[in-house]
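A quick write-up on the structure given underneath.
Just so you know, these numbers use all the heavy atoms, side chains as well, and skip hydrogens, waters and symmetry mates. Proteins come first, then strands; the chains are lettered A, B, ... in the order of their sequence lines, and each starts at number 1.
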There are 2 protein chains.
Amino acid sequence: MNLRQLAQMLALSQTTVSRALNGYPEVNEETRRRVMDAAKRHGYRPNPSARRLATGKSGMIGYVLPTGAAVDIDPHFVEFLSGLGDYARSHDLDLVLSPADVDDQETTYRRIVANRQVDAVYISSPRPADRRVALVNTLGIPFIVHGRSEGSDFEYPYLDIDNEGAFQEAARLLVQLGHRRLALINGDDRETFAIHRELGMRQALAASGLRLEDRHVCSVVMTEENGYRATRRLLEQDGAPTAIACSSLIMALGVVRAVRDLGLGIPGDVSLIAHDDVFPWLKPENFSVPLSTTRSSIRLAGARVAERLAARISGLEEGARGEVWPVDLVVRGSVAGAPA
Amino acid sequence: MNLRQLAQMLALSQTTVSRALNGYPEVNEETRRRVMDAAKRHGYRPNPSARRLATGKSGMIGYVLPTGAAVDIDPHFVEFLSGLGDYARSHDLDLVLSPADVDDQETTYRRIVANRQVDAVYISSPRPADRRVALVNTLGIPFIVHGRSEGSDFEYPYLDIDNEGAFQEAARLLVQLGHRRLALINGDDRETFAIHRELGMRQALAASGLRLEDRHVCSVVMTEENGYRATRRLLEQDGAPTAIACSSLIMALGVVRAVRDLGLGIPGDVSLIAHDDVFPWLKPENFSVPLSTTRSSIRLAGARVAERLAARISGLEEGARGEVWPVDLVVRGSVAGAPA
DNA sequence: CGAAAAAGCCAAAGCGCTTTGGAAGACTCT
DNA sequence: AGAGTCTTCCAAAGCGCTTTGGCTTTTTCG
């Protein structure tokens with residue numbers, strides 16, 4: 001059942017039927033009711049391909065997915081997706097993942113914009129002066145950055161959590177507990193979130209006349225194994241740290257294992273605070289020693305990003321509004337006073 | 001630059017240019033070269049919306065994503081996606097995720113098929129006589145099932161791993177080591193993979209005159225916490241099992257923690273074998289006691305599913321071919337002879 | 001050499017929707 | 001009553017591609 005048939009059936013023109021259905025004002029309310037009624041009764045659904053060709057709107061939001069034999073998609077992605085999908089569902093949006101070579105995402109961005117494949121995109125894991133952000137900004141497609149990309153000469157809309165504040169608070173707590181040598185096991189420090197977290201720690205320490213030694217900072221891909229390795233390296237050196245902040249629960253698994261392997265204890269010998277993105281399948285309170293965390297639901301962020309994308313598509317939101325969510329510091333058993 | 005302009009530029013008709021570009025035979029090779037040349041030089045890219053409207057083909061593969069406030073996307077999904085995306089990239093396919101209410105996916109399947117939004121779909125985590133499989137089968141869109149759905153009265157194409165054989169082998173090994181009371185901590189037993197795994201264990205045990213007691217079988221959502229709880233429940237009962245097979249590495253984390261909490265040891269008191277889908281961020285060899293596993297890369301499966309979908313779209317593959325991959329049993333330190 | 005077949009190209013008709021530019025009729029106002 | 005203004009609807013022109021049906025021109029072959 002297409003528009004023409006429906007129009008014929010109602011003895012109206014396609015124009016009128018189309019307008020009635022799309023809520024244009026220049027149609028009699030009585031007529032509109034008749035049209036909508038008939039449409040519903042016959043289960044008429046406008047053909048999206050045709051609509052897209054005519055309007056250029058696709059009803060989809062896009063994400064360029066970096067891929068490659070050596071590229072692993074972050075498990076955080078799936079949680080973000082849960083939130084995004086949940087919102088998208090209730091608003092009839094689809095999400096299209098366009099896989100791209102990790103080293104050439106520009107081509108893909110250009111393609112999806114030129115082809116008008118999606119109405120909006122989001123960008124995740126941004127870096128300082130991220131080229132993707134600059135690109136979509138000039139391409140003129142609605143977008144939201146999940147995270148921040150600093151050092152660009154333009155404003156852009158984003159949603160981020162207060163990584164700096166979170167790790168600042170975490171470090172402050174540890175210092176208050178008497179720790180003097182803190183360590184940070186961070187994610188890839190080319191990404192802004194990691195930079196902010198390091199910055200936050202440095203600031204908190206500086207405020208107490210302390211500093212974060214370079215040898216006490218690790219930047220690695222966030223796997224259990226890397227958490228383990230980093231921890232061993234940290235704890236086996238002279239002047240080992242007595243407290244560790246860790247950028248992910250997954251790495252924290254490795255931290256805990258390493259501490260145990262070294263015959264040390266949490267929080268007796270080492271205090272630990274990790275960042276928790278709130279996975280349903282791995283909870284900090286269930287660690288052998290319940291983990292203190294800086295907590296922020298990445299899932300909620302996904303839903304919010306979807307919401308704002310929808311708003312931008314429909315013109316309800318515009319401009320370069322940045323949104324920074326506070327992060328909870330949740331204290332559990334994994335922190336204690338510094339060992340004597 | 002659109003087709004008409006290109007045709008005008010070449011002083012040819014749109015027909016000829018279109019045919020030249022799409023490799024139809026009724027065009028002079030010399031002409032074809034000229035056309036392709038000009039197309040490349042001017043960076044002509046056919047408008048996919050227009051092409052889609054004309055042909056009904058979208059160049060996308062689809063996945064209906066069950067969502068809901070209480071629905072968590074499985075972290076396995078992201079690994080599968082890595083493989084799928086990697087293949088899709090090299091073949092210019094996009095993936096569209098259509099979020100659907102977990103309790104009404106049919107509407108969404110019908111929509112994406114009726115609207116011809118995608119050229120093919122895949123279905124994951126199937127159950128016996130899965131209605132989604134029956135649905136897409138009757139809807140007539142190319143599809144592949146990742147997993148199996150038994151008890152339907154029709155054939156369909158699928159890719160699955162030999163879950164039954166894997167757990168059979170695992171159980172056999174444990175029995176050979178002298179274990180008599182085995183337990184299974186399984187995933188949701190409404191899904192085929194879980195059913196197959198249980199079946200495999202039962203068969204192996206039966207072959208030795210043993211049986212898997214119902215109280216030694218747990219079926220839970222695969223989280224760390226559920227692994228922990230299940231293990232405590234198992235080990236705190238009379239006639240506790242001396243060996244556990246576990247359907248996921250994530251649950252295995254909880255198993256290990258529970259065993260430790262109970263003051264028991266692996267493999268001294270309890271042997272453990274888990275299924276490993278091969279996550280880059282959590283490896284069985286890195287558990288405090290290296291984990292024996294039944295191993296199968298879900299990522300490779302994703303790539304293979306994409307490959308077969310592409311083949312089906314282009315008509316290279318047809319029929320209801322089922323493909324079952326063998327699973328490796330990798331023995332590490334977590335298994336030992338049964339305690340006296 | 002002439003008829004039949006093949007090769008190479010084109011005009012035009014879709015695909016199903018939105019949107020522009022009116023036009024007819026109803027209503028308002030002086 | 002006539003001009004002007006709304007209201008309500010329509011015909012037709014896109015959007016950019018594929019594909020049908022047909023028309024020349026060239027090649028093939030008895």
Side-chain angles (χ1 to χ4, degrees), chain A residues 1-36 38-39 42-60 92 111-119 313-315, chain B residues 1-36 38-39 42-60 92 111-119 313-315:
Chain A
M1 158 82 35
N2 60 23
L3 186 63
R4 186 174 46 191
Q5 295 169 341
L6 187 63
Q8 219 147 21
M9 178 163 300
L10 287 160
L12 285 171
S13 74
Q14 292 191 37
T15 310
T16 304
V17 175
S18 171
R19 284 183 160 149
L21 258 23
N22 294 324
Y24 282 72
E26 56 267 79
V27 45
N28 191 319
E29 276 311 320
E30 154 70 16
T31 309
R32 187 193 304 280
R33 196 176 0 267
R34 263 181 60 221
V35 171
M36 300 206 108
H42 294 82
Y44 168 75
R45 307 282 283 149
N47 177 321
S49 302
R51 164 175 283 178
R52 164 186 303 202
L53 179 59
T55 64
K57 302 248 141 209
S58 66
M60 303 179 145
D92 281 321
R111 170 174 64 84
I112 65 179
V113 171
N115 292 346
R116 312 189 135 231
Q117 294 199 181
V118 296
D119 297 338
I313 290 172
S314 62
Chain B
M1 158 82 32
N2 60 23
L3 186 63
R4 184 172 48 189
Q5 294 168 343
L6 187 63
Q8 219 147 21
M9 179 162 302
L10 287 160
L12 286 170
S13 74
Q14 293 191 38
T15 311
T16 303
V17 175
S18 171
R19 285 184 161 150
L21 258 23
N22 294 325
Y24 282 73
E26 56 267 81
V27 46
N28 191 319
E29 278 310 321
E30 153 70 19
T31 310
R32 187 193 304 281
R33 197 176 359 267
R34 264 180 59 219
V35 171
M36 300 206 108
H42 294 82
Y44 167 75
R45 307 283 282 149
N47 178 321
S49 303
R51 163 175 285 178
R52 163 186 305 202
L53 179 59
T55 63
K57 302 248 141 206
S58 66
M60 302 180 146
D92 281 320
R111 171 174 64 83
I112 64 178
V113 170
N115 292 346
R116 314 191 131 225
Q117 294 198 181
V118 296
D119 297 339
I313 290 173
S314 61

Once you round it to whole Å, what is the distance between [atom2] of [N] and [atom1] of [X]?
{"X": "A:Q14", "N": "D:dC10", "atom1": "CD", "atom2": "C1'", "answer": "11 Å"}
{"X": "A:R19", "N": "D:dC10", "atom1": "CZ", "atom2": "P", "answer": "11 Å"}
{"X": "A:L10", "N": "D:dC9", "atom1": "CG", "atom2": "C1'", "answer": "14 Å"}
{"X": "A:L3", "N": "D:dC10", "atom1": "CG", "atom2": "C1'", "answer": "13 Å"}
{"X": "A:L12", "N": "D:dA11", "atom1": "CG", "atom2": "C1'", "answer": "14 Å"}
{"X": "A:Y44", "N": "C:dC17", "atom1": "OH", "atom2": "C1'", "answer": "7 Å"}
{"X": "B:E26", "N": "D:dG21", "atom1": "CD", "atom2": "C1'", "answer": "12 Å"}
{"X": "B:L21", "N": "D:dG16", "atom1": "CG", "atom2": "P", "answer": "16 Å"}

Distance, nearest 0.5 Å, that separates [atom1] of [X] from [atom2] of [Y]:
{"X": "A:K57", "Y": "A:R116", "atom1": "NZ", "atom2": "CZ", "value": "7.5 Å"}
{"X": "A:L3", "Y": "A:Q8", "atom1": "CG", "atom2": "CD", "value": "10.5 Å"}
{"X": "B:D119", "Y": "B:R52", "atom1": "CG", "atom2": "CZ", "value": "8.0 Å"}
{"X": "A:L53", "Y": "B:N47", "atom1": "CG", "atom2": "CG", "value": "6.5 Å"}

Taking OP1 and OP2 of [N], is either one under 4.0 Å from a side-chain nitrogen or oxygen of [X]?
{"X": "A:N47", "N": "C:dC17", "answer": "no"}
{"X": "A:N2", "N": "C:dC15", "answer": "no"}
{"X": "B:S18", "N": "D:dT18", "answer": "yes"}
{"X": "B:T16", "N": "C:dC9", "answer": "no"}
{"X": "B:Y24", "N": "D:dT19", "answer": "yes"}
{"X": "A:T55", "N": "C:dT18", "answer": "no"}

Check for a donor-acceptor pair, side chain of B:R19 on one end and backbone N or O of B:E26 on the other, with a separation under 3.5 Å. no
Nearest-nucleotide comparison on DNA chain C, the residue closer to the 5′ end among B:P25 and A:A50: B:P25
Just call it for [X]: base, sugar-phosphate, or nothing, with non-hydrogen atoms closer than 4.0 Å on any strand.
{"X": "A:R4", "value": "sugar-phosphate"}
{"X": "B:A11", "value": "sugar-phosphate"}
{"X": "B:T31", "value": "sugar-phosphate"}

Base D:dT20 paired with B:T15 side chain (donor-acceptor, <3.5 Å): no
